[in-house]
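Note that the structure is predicted; figures quoted are calculated from it, not measured.
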Amino acid sequence: METYTLTTAGADLVYDVRGPLPPADGRPPLFMIGQPMDATGFVALAARFPERTVVTYDPRGLGRSARQDGRVDHAPETQADDVHAVVEALGAGPVEMFASSGGAITALALVARHPGDVTTLVAHEPPLITLTPDGPAAVRARAGVRDAYEKRGWGAGMAAFVAMTSWEGEFTDAYFDGPAPDPAAFGMPTEDDGTRGDPLLSDRSWAISGYRPDVEAIAAAGTRVVIAVGEESRAVQTGRTSAAAAELLGQPVTVFPSHHGGFLDGEFGYPGKPDEFGQRLREVLEAA
């Protein structure tokens with residue numbers, strides 16, 4: 001693996017390349033992106049593609065990629081332009097892309113803004129919360145996570161986030177009227193460490209979850225777009241947003257093994273099924 005730093009006007013973007021450029025197999029590079037997850041989250045999945053040239057990167061302000069723009073918010077258009085800059089720096093033509101969570105939203109913005117960058121996009125569980133029928137309630141639930149984090153710190157915020165993302169079905173009064181989740185019940189700290197900059201729990205990434213894809217631009221790009229959902233996620237928020245995104249783009253949702261982190265080993269405490277997930281991704285990419 002070779003690691004590079006691309007200096008742009010707004011950030012020093014750090015990215016990793018596993019394999020040769022141009023790729024030895026004649027296939028496009030396989031670019032894997034997340035948000036707010038950085039490149040460390042794709043180690044297990046990249047290992048399932050030893051024959052491919054795999055590219056991963058840290059979004060600006062996360063991991064190794066330092067911001068130079070004086071901002072702390074995360075916006076899909078900015079992230080998309082960063083990924084475009086890395087694709088250009090690779091010098092290997094358009095890429096195939098696997099993008100998960102907020103990274104899937106970045107990727108949809110990338111296809112709309114830079115239509116020549118991606119041949120096939122597999123967008124895994126994009127949390128486009130305003131697309132679901134209960135969009136206003138989902139926005140309220142998102143604000144509840146932020147409020148818990150602001151008032152009581154990381155443990156309380158993460159407990160609220162887990163409760164929100166594991167809730168099945170629409171957000172009803174039963175969700176909002178329930179007791180505040182107890183961090184200790186999730187094995188999380190109850191003390192407040194005083195930090196408030198977490199991109200997952202603060203409002204810094206609301207532009208990502210509130211994004212609405214440019215359907216006409218995506219259709220005009222000519223990129224093959226696949227909206228993917230984990231088989232265990234169908235009833236929870238990211239499963240419902242995936243179905244809504246697929247419907248918006250006029251396609252059925254494509255089912256993958258496991259859950260929102262289905263491509264992970266156990267290094268982050270919630271293992272998926274990386275072998276099965278990698279095989280499914282291989283099948284979807286080769287179906288192009």
Query raised in the report: When rounded to the nearest 0.5 angstrom, what distance separates CE in M164 from CZ in R142?
Result: 8.5 Å
Query raised in the report: Going by distance alone, is a donor N or O of one side chain under 3.5 Å from an acceptor N or O of the other, for T7 and D12?
Result: yes
Query raised in the report: Which other residues belong to the hydrophobic cluster containing F277, where Ile, Leu, Val, Met, Phe, Trp and Tyr are joined when side-chain heavy atoms lie under 4.5 Å apart, directly or via other members?
Result: L30, M32, M37, F42, L45, F49, V54, F98, V122, V226, F256, F263, L264, F268, L281, V284, L285
Report summary line: For V236, the other hydrophobic cluster members (4.5 Å side-chain criterion, sorted by chain and number) are none
Query raised in the report: Got a sec: does the CD of E286 have more than 12 other heavy atoms crowding it under 6.0 Å?
Result: yes
Query raised in the report: Excluding sequence neighbours, so at least two apart, what forms side chain to side chain donor-acceptor pair (under 3.5 Å) with R152?
Result: none
Query raised in the report: Side-chain contact, heavy-atom cut-off 4.5 Å: P23 with P29?
Result: yes
Query raised in the report: Does some side-chain heavy atom of L131 sit less than 4.5 Å from a side-chain heavy atom of T241?
Result: no
Query raised in the report: Looking at R204 and D73, does any basic side-chain N land under 4.0 Å from a carboxylate oxygen?
Result: no
Query raised in the report: If you round to the nearest 0.5 Å, how far is OG1 of T78 from CZ of R113?
Result: 7.5 Å
Query raised in the report: Are R64 and D16 close enough for a salt bridge, meaning some N to O gap below 4.0 Å?
Result: yes
Report task. Mark yes when over 12 heavy atoms from residues, nucleotides or ligands other than E247 sit less than 6.0 Å from its CD; otherwise mark no. Result -> no
Query raised in the report: If you round to the nearest 0.5 Å, how far is CD of E125 from CZ of R240?
Result: 12.5 Å
Query raised in the report: Under the 3.5 angstrom rule, does the side chain of Q251 hit a backbone N or O of I227 as a donor-acceptor pair?
Result: yes
Query raised in the report: Is R282 salt-bridged to E51, cutoff N-O under 4.0 Å?
Result: yes
Report task. Verify, without hydrogens or angle tests, whether S205 (side chain) and P199 (backbone) share a donor-acceptor contact under 3.5 angstrom. Result -> yes
Requested in this report: Would you confirm whether H259, through its side chain, and P271, through its main-chain N or O, come within 3.5 Å as a donor-acceptor pair?
Outcome: yes
Report task. For D198 and L201, indicate whether the former's side chain and the latter's backbone hold a donor-acceptor pair under 3.5 Å. Result -> yes
Query raised in the report: CZ of R67: more than 12 outside heavy atoms within 6.0 angstrom?
Result: yes
Query raised in the report: Going by heavy atoms in the side chains, are V118 and R224 under 4.5 Å from each other?
Result: no
Query raised in the report: Could you state the interatomic distance from OH (Y149) to CG (D192), rounded to the nearest 0.5 Å?
Result: 9.0 Å
Query raised in the report: Does H260 have its ring centroid less than 6.0 Å away from the ring centroid of Y270?
Result: no
Report task. Mark yes or no for whether D214, through its side chain, and A217, through its backbone, hold a donor-acceptor pair below 3.5 Å. Result -> yes
Requested in this report: Please check if atom CZ in R27 has more than 12 non-hydrogen atoms from other residues, nucleotides or ligands closer than 6.0 Å.
Outcome: yes
